[in-house]
2 protein chains.
Amino acid sequence: MARIKDVAAHAGVSVATVSRVLNDNPSVTEETRDRVYAAMKELRYVPNAVARSLRTEATRTLGLIIGDILNPFFTELARGVEDEARQAGYTVIIGNADERAEEQDHYVRTLVEQRVDGLLICPTAEVTPLVEELVRTGRPLVFLDRTISGLDVPSVRADGATAIAELVAHLKSRGHRRIAFASGPATLSTGRERTEAFAAAMAEAGLDLRAEYMAAGDFREGSGRAITARLLDLPEPPEVIFFGDNLMTLGGLDEIRARGLSIPGDVAVASFDDVTWFVHVDPPITAIAQPTAEMGRTAVRLLLQGVAGRSGQSVVLPAELVVRRSCERKGA
Amino acid sequence: MARIKDVAAHAGVSVATVSRVLNDNPSVTEETRDRVYAAMKELRYVPNAVARSLRTEATRTLGLIIGDILNPFFTELARGVEDEARQAGYTVIIGNADERAEEQDHYVRTLVEQRVDGLLICPTAEVTPLVEELVRTGRPLVFLDRTISGLDVPSVRADGATAIAELVAHLKSRGHRRIAFASGPATLSTGRERTEAFAAAMAEAGLDLRAEYMAAGDFREGSGRAITARLLDLPEPPEVIFFGDNLMTLGGLDEIRARGLSIPGDVAVASFDDVTWFVHVDPPITAIAQPTAEMGRTAVRLLLQGVAGRSGQSVVLPAELVVRRSCERKGA
DNA sequence: GTCCTCCATGTAATCGATTACATCACCATA
DNA sequence: TATGGTGATGTAATCGATTACATGGAGGAC
C-alpha cells in the first residue's frame, strides 16, 4: 500500500506537508493542497491509523464490554453507544463477556493492549483483580447498566425502584397477593437493586414476601424457565411471576406454555426490561421499560468527558412501567 | 505506561530479549524468562498492540459490517462471527451500516485505515465505488448473507429456495391460494433471491402470482407494516402474507393486531427468518429458519483462509421450514 | 539597499514494538 | 592450544505517521 512518503514524492513535496494536508493544517497553500490530494487519489492512499495512533497516543477508538450479545437489552445499548460514538468520530470495539468474568477480563486485556481511548463496561460480576487495577491506572472508564460498589467509577444506569413500586401497586389493585420474583444474580448490582426494590415495594404495599417466592437466576433464558418450573410446582404456587430481565421472561413463558397454562388466568407475568415483541405475545406482557439506547448515548458522553480529562458525574435515568394485559385479575 | 524498554532495564536485559519472551521464542533461558516476567508484573506492563501492529503489519483484528444492528438476525450473525474469531485469536470490530450505503462506506474506510486483517461485509445495496476498489486491492474479504453479482468475492449465504418451495406447498395444502409476498428491496441479493424463489415456487405449485400481491419493502419494521396495510386494503386481500424477514414480519403483526384481525382466521402469516419469540406469538409463527450463527462462523473460517493467503470457496448453507400454527386453514 | 518578519515548506527525531545480524562465552574436537 | 560450532543475548534498522525546529524566499519599513 502507498505510504505517506510515496504521496510526498509523487506530489513533489515533503512528508510533513502531506501530513499537514491530512490534518487540515491551514498553513498549506491551496495549490499545494490540491497537488497532494491529487497524488493521494492517484496512489489510492489510505492513511495508516496504526502508525498515526502510535505517534499521537490516541486511537479514537472506544471499547464496550457487554454482558451478553444475545440479550436484546445489550444490543440496543450497543446501538446507542455506536450512534453517539460515531457522531463524535470514534470507532467502537464491542466485546461480549457472555456473563463470564474471565471473558470480560479477556476483553479488558485486549482492549487495553489495543490502547482504546476509553472503556465502557457492563461489569459481569463482583470486581476482578484486573478491573480493580484498571480503575487504579486512571484510564477513562465508565460502568454501564451495572455498577460495582466500592469503586469510584462514574456510571450510567436506570433506576427501576419507582417503576417496581408502581408495578407492585398495579398487581395489588388487580387483586394479586402472592407475587414471586425471579431475580437476577445477587452478584450483579442490577440483580441486587431490583430485588431490594421489590422487597421494599411489597412491604410498602403491605404484602407478604415469602422466601419460597424469591429465586435468583442468571439473567438468561434457562434459569427463567427452571425457576418458573420450581415456582409452579410449589404446593401453593404464586399468582404472579415477576421476572428480572427479558430473557428470563422468555424462559418463563416457555415453561408456562409447555404446561398448557394460561396467562394471566393461571399465572400472571411481568418483566423488568421491555422488548419489541412483548406486544405480540398473547396476552401482551406488562413490563418495565428502560431508556436503553439513551443509556448508551449518555455513557459515551460521560466517557468522552473522561477522555478529555474532565471528570463526569454518574447518571441515573428513570425506568417506567408499561401496563399491558398479562397481569389482569384472575378470570377477568 | 511502562514500555518494553522499561521492562528491559528493570530486568537487566535488552529489549530484544523482552520481545522474545513476549513472543514465546524458545531461545530464552528459563531463568531470564522468569526475571522478565517478574519485571513485567512489577511494572504492570501491557504490550502496545499498536506498536506491534505497525511493525508486523498484522492487527489480528477483523472487521464486520452488518446491515442493521437492531435486527436480531444480524445480532446472531455477529455472535457467530465473534465466537469463531475469538477462538482463532482475533478481535472483531463491528460496524453498523444501518442499511445505508454511505454508512457502509464509512466503515469500509475506517476499517481499512485501521488495517484490519480481513473484512466481512453484508453489502448494503448495489456495489459502491469504494467496495469495488476494495475488491481490486485484493484485501481479504468475504461477503456474508448477501452477495453482489459481478464481483469475484467468496461469500457465505443461506439458500432459502428449497424451504420457500416447501412453504408454498404447505400453504397450498392448507387451502390457501391468494398468497402475497412482502419482499426485501430488489437492490439486495437476498431480496431478489427470495422473490425469485417465491415466484418459482408459486409457478410450480400452479398458483397465481398477482402483481398487486408483490410488494418490496426494506427489511425493516415500518415497511412491513405499511405493506400489510396496503395489502389488507385491497378489494380482494390475500389469504396469506409471507414476509421477507423477521422485522417486516414484526411490522406486519403490528398492523394486523391494530386492525383487530385474527391470525390465521382473517389472514395467515409466514416469515422468512426465524427468531426466538415467534413461538410465543398467538398463534406461533411459521417461519423459515436460517443457520445464522453457523453462517457467521463459516464466514470467519473462510476469511481466515484468505488472510493466510489461500483462496476459499463460497459456501451455501440450507435454510429450513419450521411449521407452526400461523398458516392453518381458515377457520380451522 | 539592508534588515526584519512572516509564511510555506523541509529535515529529522520520535512513538514502541520486532527482527536480521552481530557478538560473546563456552565447550568439544583435533 | 587453536578452531569451530552452538546457544543466549545485544545492537540497531525498521514500520508510517506527527511535529518541533530549521530554512529560505518574499515583501515591507527604514
Side-chain angles (χ1 to χ4, degrees), chain A residues 1-40 43-61 109-117 137 139, chain B residues 1-40 43-61 109-117 137 139:
Chain A
M1 288 194 81
R3 288 132 32 238
I4 196 172
K5 202 193 297 185
D6 305 319
V7 175
H10 202 263
V13 298
S14 72
V15 292
T17 300
V18 178
S19 175
R20 289 191 187 98
V21 171
L22 237 30
N23 294 285
D24 285 324
N25 186 317
S27 79
V28 179
T29 305
E30 197 177 316
E31 190 245 320
T32 309
R33 185 182 306 271
D34 290 347
R35 267 217 323 287
V36 171
Y37 277 135
M40 286 182 183
L43 299 178
R44 303 181 199 294
Y45 172 71
V46 181
N48 186 329
V50 175
R52 167 180 297 154
S53 296
L54 178 60
R55 183 62 231 244
T56 60
E57 322 222 85
T59 51
R60 295 200 77 78
T61 295
R109 225 181 322 262
T110 306
L111 294 170
V112 171
E113 283 188 8
Q114 309 243 2
R115 298 298 193 263
V116 292
D117 292 341
T137 65
R139 180 177 300 270
Chain B
M1 285 193 84
R3 287 130 36 236
I4 196 172
K5 202 193 297 185
D6 306 317
V7 174
H10 203 263
V13 299
S14 73
V15 292
T17 299
V18 177
S19 175
R20 283 193 266 263
V21 171
L22 238 29
N23 293 286
D24 285 325
N25 185 316
S27 81
V28 179
T29 305
E30 198 178 316
E31 190 246 320
T32 309
R33 186 181 305 270
D34 289 347
R35 264 215 328 283
V36 171
Y37 276 135
M40 286 182 183
L43 299 178
R44 304 182 197 294
Y45 172 70
V46 181
N48 185 329
V50 175
R52 165 181 298 153
S53 296
L54 178 60
R55 184 60 231 248
T56 60
E57 321 221 83
T59 52
R60 295 200 77 77
T61 294
R109 222 180 325 262
T110 306
L111 294 170
V112 171
E113 283 188 7
Q114 308 243 4
R115 299 295 194 266
V116 292
D117 293 340
T137 64
R139 181 177 299 270

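Predicted, not measured: the structure shown is a model, and the values here were computed from it. What's counted below: heavy atoms across the whole structure, side chains too, no hydrogens, waters or symmetry copies. Each chain gets a letter, A, B and so on, in the order the sequences are listed, and its residues count up from 1.
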- How many angstroms lie between atom CD of A:E57 and atom CZ of A:R115, to the nearest 0.5 angstrom?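 Nearest 0.5 Å value for the CD-CZ distance: 9.0 Å.
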- Message: Would you compute the distance between atom CZ of A:R44 and atom CG of A:D6 and round it to the nearest 0.5 angstrom?
- Response: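 Output value for this atom pair is 14.0 Å.
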Considering just the side-chain nitrogens and oxygens of [X], establish if one lies under 4.0 Å of OP1 or OP2 belonging to [N].
{"X": "A:S53", "N": "C:dC15", "answer": "no"}
{"X": "B:T17", "N": "D:dA8", "answer": "no"}
{"X": "B:N48", "N": "C:dC15", "answer": "no"}

- Task: List the atom of A:V46, the atom of B:V112, and the distance in Å for their closest heavy-atom pair.
- Result: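 Of all heavy-atom pairs spanning A:V46 and B:V112, the closest is CG1-CG1, 3.9 Å.
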- So which heavy atom on B:A39 is nearest to which on B:A11, and how close?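 Here B:A39 and B:A11 meet closest at CB-CB, 3.8 Å.
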Gap between atoms [atom1] and [atom2], on [X] and [N] respectively (whole Å):
{"X": "A:I4", "N": "C:dG10", "atom1": "CD1", "atom2": "P", "answer": "12 Å"}
{"X": "A:N23", "N": "D:dT19", "atom1": "CG", "atom2": "C1'", "answer": "10 Å"}
{"X": "B:E57", "N": "C:dT18", "atom1": "CD", "atom2": "P", "answer": "14 Å"}
{"X": "A:L54", "N": "C:dT18", "atom1": "CG", "atom2": "C1'", "answer": "13 Å"}
{"X": "B:L22", "N": "C:dG16", "atom1": "CG", "atom2": "C1'", "answer": "11 Å"}
{"X": "B:E30", "N": "D:dA8", "atom1": "CD", "atom2": "C1'", "answer": "15 Å"}
{"X": "A:Q114", "N": "C:dG16", "atom1": "CD", "atom2": "C1'", "answer": "15 Å"}
{"X": "B:D6", "N": "C:dA17", "atom1": "CG", "atom2": "P", "answer": "9 Å"}

- Item | Between the first and last five pairs of the helix from C:dG1-D:dC30 to C:dA30-D:dT1, the angle of the axes, rounded to 10 degrees |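 End-to-end axis angle: 60°.
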[X] near the nucleic acid: base, sugar-phosphate alone, or nothing, with a heavy-atom cut-off under 4.0 Å?
{"X": "B:V18", "result": "nothing"}
{"X": "B:S19", "result": "base"}
{"X": "A:S27", "result": "base"}
{"X": "A:V50", "result": "nothing"}
{"X": "A:T32", "result": "sugar-phosphate"}

- Task: For the residue pair B:P47 and B:R52, establish whether any side-chain heavy-atom pair is separated by less than 4.5 Å.
- Result: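 Yes; the side chains approach each other to less than 4.5 Å.
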- Quick one: are A:Q114 and A:T61 in side-chain contact, heavy atoms under 4.5 Å?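 When only atoms from C-beta onward are counted, A:T61 and A:Q114 do not touch, as no gap falls below 4.5 Å.
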- Item | NZ/NE/NH1/NH2 to OD/OE distance under 4.0 Å, A:E113 and A:R109 |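 No, this pair does not count.
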- Task: In sequence, state the C-alpha distance, the side-chain angles, and the governing distance for A:M40 and A:L22, and then conclude on side-chain contact (heavy atoms from CB on, under 4.5 Å).
- Result: CA-CA 10 Å; A:M40 286 182 183; A:L22 237 30; 3.2 Å; yes
- Return yes if the base of C:dT14 and the side-chain atoms of A:R55 contain a donor-acceptor N/O pair under 3.5 Å, otherwise no.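 Side chain to base: pair present.
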- Query: Any donor-acceptor pair under 3.5 Å joining the side chain of B:R115 to the base of D:dG16?
  - Reply: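 There is none.
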Taking the side chain of [X] as heavy atoms from C-beta outward, which of [options] is closest to it?
{"X": "A:A16", "options": "C:dT18, D:dG10, D:dT19", "result": "D:dT19"}
{"X": "B:V15", "options": "D:dT9, D:dA12, D:dT18", "result": "D:dA12"}
{"X": "A:T56", "options": "D:dT18, C:dT11, D:dT9", "result": "D:dT18"}

- Item | Residue mapping more 5' on DNA chain D - nearest nucleotide basis, A:R52 or B:R20 |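 Nearer the 5' end of the strand: B:R20.
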